[in-house]
A.B. asks: 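Handing you a structure now.
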Amino acid sequence: MALINCPECKNQVSSTASSCPKCGAPIAGSTGAGTPLTTTQLTSKRLKMQVVFSALTFWIGLIWLIFAIVAASQGNASDGAPVVPGIITFIGAVWGITTKLRIWWHHK
């Protein structure tokens with residue numbers, strides 16, 4: 001067993017591995033104990049980053065919305081204070097759902 005560099009991420013990988021454990025790229029020339037060569041990561045990094053950013057947008061908006069509602073109920077905020085965080089929460093939710101549907105649609 002020798003260590004080779006992954007062709008995608010340049011991480012050190014066993015020559016007997018069928019795919020890179022870090023990025024999921026198939027290892028060329030690997031037999032992997034008789035298993036066929038497969039790619040374990042089918043979702044692009046761009047879509048994965050969109051999932052992360054949409055989740056951050058949703059949660060930041062939701063936390064902001066909760067604080068705005070509490071402040072409005074105590075009379076510490078102006079009228080319409082929860083509108084902006086509500087819109088941000090909605091955008092994060094729609095963005096996340098859309099990205100998940102795109103991942104499902106392009107899944108092989």
A.B. asks: Got a second to check how far K22's NZ is from E8's CD, nearest 0.5 Å?
C.D. replies: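 Reported value, rounded in 0.5 Å steps: 12.0 Å.
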A.B. asks: With hydrophobic residues grouped by side-chain heavy-atom distances under 4.5 Å, do L47 and V51 end up in a single group?
C.D. replies: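 Yes: a chain of side-chain contacts under 4.5 Å links L47 to V51.
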A.B. asks: Between atom OG1 of T98 and atom CD1 of I103, what is the distance when rounded to the nearest 0.5 Å?
C.D. replies: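 If we round to the nearest 0.5 Å, T98:OG1 and I103:CD1 are 11.0 Å apart.
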A.B. asks: Work out which heavy atom in C23 is nearest to a heavy atom in C6; give both atom names and the distance.
C.D. replies: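 Answer, listing the atom of C23 first, then C6: SG-SG, 3.6 Å.
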A.B. asks: So how far is it from F58 CZ to I63 CD1, rounded to the nearest 0.5 Å?
C.D. replies: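 Result: 10.0 Å between the selected atoms.
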A.B. asks: Can you tell me how far OG of S44 sits from CE of M49, rounded to the nearest 0.5 angstrom?
C.D. replies: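 That separation rounds to 11.0 Å.
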A.B. asks: Got a list of side-chain donor-acceptor pairs under 3.5 Å for residues 85-95, not counting sequence neighbours?
C.D. replies:
residue, atom, partner, partner atom, Å
T89, OG1, G61, O, 3.0
T89, OG1, L62, N, 3.0
T89, OG1, P85, O, 2.8

A.B. asks: Hey, what do you get for OG1 (T57) to CZ (F53), rounding to the nearest 0.5 Å?
C.D. replies: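 Reported value, rounded in 0.5 Å steps: 8.5 Å.
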A.B. asks: Are side-chain heavy atoms of V13 and P21 found at a separation under 4.5 Å?
C.D. replies: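 Sidechains of P21 and V13: in contact.
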